[in-house]
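Nothing here was measured: the structure is a model prediction, and the numbers come from that model.
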Amino acid sequence: MTQVEIDRAAGRVLFEMALFGRLPGTTGQGTGARLTPGQVDDINERTSAASAVLLRNVHHALPLTPDDLTDLAVIGPGGSQVIAVGKPNERSLGELDHQISPVTALRQIGGGKAHIQAAVADDMDGHVIAADHVISTMPQDMGHKAGQAPLSVLTAATGATAPAGSTMDWSGDLQTDEEGEYWLCLHVLGARADIIVDGTRIGGTHALKGGLHGDIVEPNQDNLLPGTDGLDNVRVPVRLTAGRHKVVIHAVPDDSGTPERLRLAWATPATRRADRDHAVDVARHARKVILFLWSRGQPPFQLPGGQNELAEAVLAVNPHTVIMLNTSQPVALPWLDKAAAVMEMWWSGDRGGVAAARVLTGQVNPAGRLPVTWGRQLSDYPATDPMHKERSGTGQDGKTMFSEGVNIGYRAFLKSGRKPLFPFGHGLSYSRFAYSRLHVDASNAGGLDVRFRIRNSGGAAGDEVPQVYIDAPGAPVPGADLAVRSLVAFDRVHLDAGESRDITLHVAPRALQYWSTHDHAWRKVPGTRPVLVGASSGDIRLKGRI
């Protein structure tokens, strides 16, 4: 496929299908036109902002006021860099030169009056290893003759460089002052590299020699964030005793043909405690705090790296704390009731920093809705319910059985009666929306026409996402497996402050049918069924019947 064909395909997807064709400002600019970098950035930014889900907002903690920006603390690595992507599988790694961090974007919005302090709390780059903690184990001249170099070359502030095509080993001893968990951070570009401690390989880049997509190490390939100077960041936790530990770095060229750059840094138990204490102290003295938390899916349903403890510590010193989540799925939120506000930004792409700042300051009114049910614990979900081991990944007798039938996701929660943390379809706004005047009629096409009115009763323009659900009839239908409740229609509607609009959502005929295994055909569900309209599966505003 040529570059022109790729651009044309991307243009068709982005311009005609972004957010199901409802992205504000998206017009038919011609699918044959090549996108400019500015157009791509604009689409990324607006898509990220439009996808933000405001989960919680107590006492109007958001949006931030101009006064908030004069004394604001931003905590977490996601505040100083853009958490654009998650797991290092087949996905775009982003364009670092297009990224603007939330801190920078907030300072730009606040202008000269803004006073925003940033503290990472968990330094993913690590710290320079002091010279007195690195002990060379070979003469420098002999090492170079053998294609090796002492570890001190790699642990210097600038790291090591080598011409393209070089194969190098760096070795030496690290002196540790205390027993505990150390984060060894290997920054790499232009080479594949492994890190070996006391004879055991503990980590390395994930570029595979001869891999299908080539063998090039890219920034952000092997960690949540690249190094702040654009190198890939292999960050590996390892438990070490106090004393000396043999470290070997083995590097071979990748296929990029570029000079090789490597550097080894670390976060010791002492530096990690100091970073955490500094972040909490910054939060203590701020008017309001924005705390960024992240997850890459592991451990399951949890925030990694002691982030819950960080959240508890920050919330204890400053209850005016807004939590910004960069996750791809629900996670446990044990501190939720203490947070002033919680916003889910997902993995927000290259322009996620600008999008986050615009949503935080009210330039964009959040209107994203949860496409999943946010449970309280992992065992709440059908596939991880301990009462149904047959549904798990391991299954029973080597077989996984989908015994939940049609009752998956929010349907499973409704059937079991378990109350989720946030229901499917949930999402708050900086405004308020009132529903009224429900009418449900059979349509000429064989489905339903659901009519109602929505009024923006708040003081800010914004989008509302009305959702239509239909419940199972009161009496069981022989041979039919019917969900307790099913989403059958929704839309995203923009309303200015004080504006009212009459909405009609069409329910397709298939939504009123079930598949008969006896007749091998679709059959209409008999009887009377409740038709519900609301702001989520758990926030029903209007009720009718058909």
Trainee: If I compare all heavy atoms of E260 with all of S166, which pair ends up nearest, and what's the gap?
Mentor: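 Shortest heavy-atom contact: OE2-O, 2.7 Å.
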Trainee: Any salt bridge linking E309 with R273? Criterion: basic side-chain nitrogen under 4.0 Å from a carboxylate oxygen.
Mentor: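 Salt bridge: no.
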Trainee: Out of curiosity, L72 CG to D67 CG, how far, rounded to the nearest 0.5 Å?
Mentor: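 Going from the CG atom of L72 to the CG atom of D67 covers 12.0 Å.
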Trainee: Side chain to side chain contact (heavy atoms under 4.5 Å, CB included) between W335 and I323: does it pass, once the steps are laid out?
Mentor: CA-CA 10 Å; W335 35 259; I323 307 291; 3.6 Å; yes
Trainee: Applying side-chain contact (heavy atoms from CB on, under 4.5 Å) between I290 and each of L64, V103, I75, T321, report the one that passes.
Mentor: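 Single pass found, and it is L64.
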Trainee: Using a distance-only test with no angle check, is there a side-chain donor-acceptor pair under 3.5 angstrom linking T228 and D125?
Mentor: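 Note: T228 and D125 side chains meet the donor-acceptor criterion.
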Trainee: Determine whether more than 12 heavy atoms belonging to other residues, nucleotides or ligands lie under 6.0 Å from atom CG of L96.
Mentor: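 More than 12 heavy atoms, drawn from other residues, nucleotides or ligands, come within 6.0 Å of this atom.
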Trainee: May I ask you to decide whether D281 forms a salt bridge with R284, counting only side-chain N to carboxylate O separations under 4.0 Å?
Mentor: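 The answer is yes: the pair qualifies as a salt bridge.
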Trainee: Please determine whether side chain to side chain contact (heavy atoms under 4.5 Å, CB included) holds for the pair I196 and I202, giving the CA-CA distance in whole Å, both sets of side-chain angles, and the decisive distance to 0.1 Å.
Mentor: CA-CA 6 Å; I196 301 162; I202 65 168; over 6 Å; no
Trainee: Show your reasoning for whether side chain to side chain contact (heavy atoms under 4.5 Å, CB included) applies to V74 and I116.
Mentor: CA-CA 7 Å; V74 179; I116 301 171; 3.7 Å; yes
Trainee: Salt bridge or not between R263 and D229? Use side-chain N to carboxylate O under 4.0 Å.
Mentor: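 Looking at D229 together with R263, the answer is yes, because their closest N to O distance falls below 4.0 Å.
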Trainee: Report the relative orientation of the aromatic rings in Y381 and F301; use parallel for angles under 30°, tilted for 30 to 60°, perpendicular for over 60°.
Mentor: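 The rings of Y381 and F301 stand perpendicular, inter-plane angle above 60°.
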Trainee: Do D68 and K288 meet the salt-bridge criterion of a basic N to acidic O distance under 4.0 Å?
Mentor: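 Result for this pair is yes, salt bridge flagged.
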Trainee: So Q302 and S295, side chain to side chain contact (heavy atoms under 4.5 Å, CB included) or not? Walk me through it.
Mentor: CA-CA 7 Å; Q302 295 292 328; S295 171; over 6 Å; no
Trainee: Which residue in the set D215, D232, D254, D255 passes salt bridge (charged side-chain N to carboxylate O under 4.0 Å, His left out) when paired with R192?
Mentor: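 With R192 as partner, salt bridge (charged side-chain N to carboxylate O under 4.0 Å, His left out) holds for just one option, D215.
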Trainee: Pairing donors with acceptors under 3.5 angstrom, does anything connect the side chains of T104 and S101?
Mentor: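 Yes, S101 and T104 have a side-chain donor paired with an acceptor closer than 3.5 Å.
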Trainee: With a 4.0 Å cut-off, would you call D122 and R235 a salt bridge?
Mentor: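 Judged by the 4.0 Å cut-off on N to carboxylate O distance, D122 and R235 do form a salt bridge.
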